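Below, each value reflects all heavy atoms present in this structure, side chains not excepted, and no hydrogens, waters or symmetry copies. Numbers restart at 1 for each chain; the letters A, B, ... are given by sequence-line order, proteins then strands. Here the structure is a predicted model, which means the values were calculated and not measured.
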There are 2 protein chains.
Amino acid sequence: MDTLLKAIADTKRRDIIRLIWARELPAAEIAEYFPDVTRSAISQHLSVLRKNGVIHERREGTRRFYSVNRGEIVKLRAFLDSFWSDSLERLRDLAEVSEQQQGAS
Amino acid sequence: MDTLLKAIADTKRRDIIRLIWARELPAAEIAEYFPDVTRSAISQHLSVLRKNGVIHERREGTRRFYSVNRGEIVKLRAFLDSFWSDSLERLRDLAEVSEQQQGAS
DNA sequence: GTTTTACGTTAGCATATCCTTACGTTAGAG
DNA sequence: CTCTAACGTAAGGATATGCTAACGTAAAAC
């Protein structure tokens, strides 16, 4: 989970995700959106996203099309939601204990 | 935002957040929950969280009590929510364009 | 078969991260 | 004032990250 969160804790990688959210794109076209770095850098970012299951690769001839793996995004959202809500739940439990203590005093 | 996301992309730091979500705790007590690392390491994790506004420090004598800064967590959640929903919205927009194209053909 | 095209991969460098050990620092105890 | 408690901070090492430049590779074009 740490590596998955780290994968999206990078502006370029989040931009890549946004870019291919609605439609798949070949690597070269993705790289065009980042003129400040080389194609190699983008290829490595794509590798990080792929290894964490965030994106999917489809080969066609010499080109590789990338698209977002929505399932993994859903899993990430679920993890974060449970992270927040677990914490909130613990807070609620504590509030209940506090109420019981107030009732008992 | 990258550094804020990186701050929570670490199991120990997320555990610290959970630990002090409902109640503030002094640094020593937080460190007790992590017997595998030194107090210094925890102090540095606390520093990372504080610099990103995730936690709040209250000094009392020689002790420092830490608690979660809920406002920052809310901001983080809002950022992520808009990240997902912006992407979904773009997907919806594309679907509409697709429908129009289908209608026009 | 040779050459392009569209990629990934490797080597190597600068910087960042996470840790431990050692050294401040501040508030209170004696 | 001296000592201790509860901390942070600095130094330094191992490993990870992000990048560029150079190299490797498979598919298609010629």
Quiz item: Would a hydrophobic clustering, with Ile, Leu, Val, Met, Phe, Trp and Tyr connected at side-chain separations under 4.5 Å, put W84(A) with L19(B)?
Solution: yes

Exercise. Please list, in 5' to 3' order, the outermost nucleotides of DNA chain C lying under 4.0 Å from any heavy atom of chain A.
Key: dT5(C) to dT10(C)

Self-check item: Minimum-distance pair of heavy atoms, taken over all atoms of I8(A) and R14(A)
Solution: O-NH1, 2.8 Å

Quiz item: Please give, in whole Å, the distance from dT25(D) C1' to R63(A) CZ?
Solution: 18 Å

Quiz item: What string of B, S and - do you get for nucleotides 8-17 of chain D, 5' to 3', when a contact is any protein heavy atom under 4.0 Å?
Solution: BBB-------

Quiz item: Which heavy atom of S67(B) sits nearest a heavy atom of E24(B), and at what distance?
Solution: CB-CB, 3.8 Å

Quiz item: So, is T62(B) close to the dA5(D) phosphate, meaning a side-chain N or O under 4.0 Å from OP1 or OP2?
Solution: no

Quiz prompt | Which residues share a salt bridge (Lys or Arg N to Asp or Glu O under 4.0 Å) with E57(A), sequence neighbours left out | solution = R50(A), R59(A), R64(A)

Self-check item: Whether W21(A) and F83(B) hold their rings parallel, tilted or perpendicular, with breakpoints at 30° and 60°
Solution: perpendicular

Practice problem: Classify the nucleic acid contact of D36(B) as base, sugar-phosphate or nothing, counting any heavy atom under 4.0 Å across all strands shown. | Solution: sugar-phosphate

Practice problem: Using atom CD of E60(B) as one end and atom P of dC7(D) as the other, report the distance to the nearest whole Å. | Solution: 11 Å

Quiz item: In a check of side chain to side chain contact (heavy atoms under 4.5 Å, CB included) between L49(B) and each of I17(B), D10(B), N69(B), which one passes?
Solution: I17(B)

Quiz item: Salt bridge or not for D15(A) and R18(A), using N-O below 4.0 Å?
Solution: yes

Quiz item: Got a second to check how far L46(B)'s CG is from I20(B)'s CD1, nearest 0.5 Å?
Solution: 7.0 Å

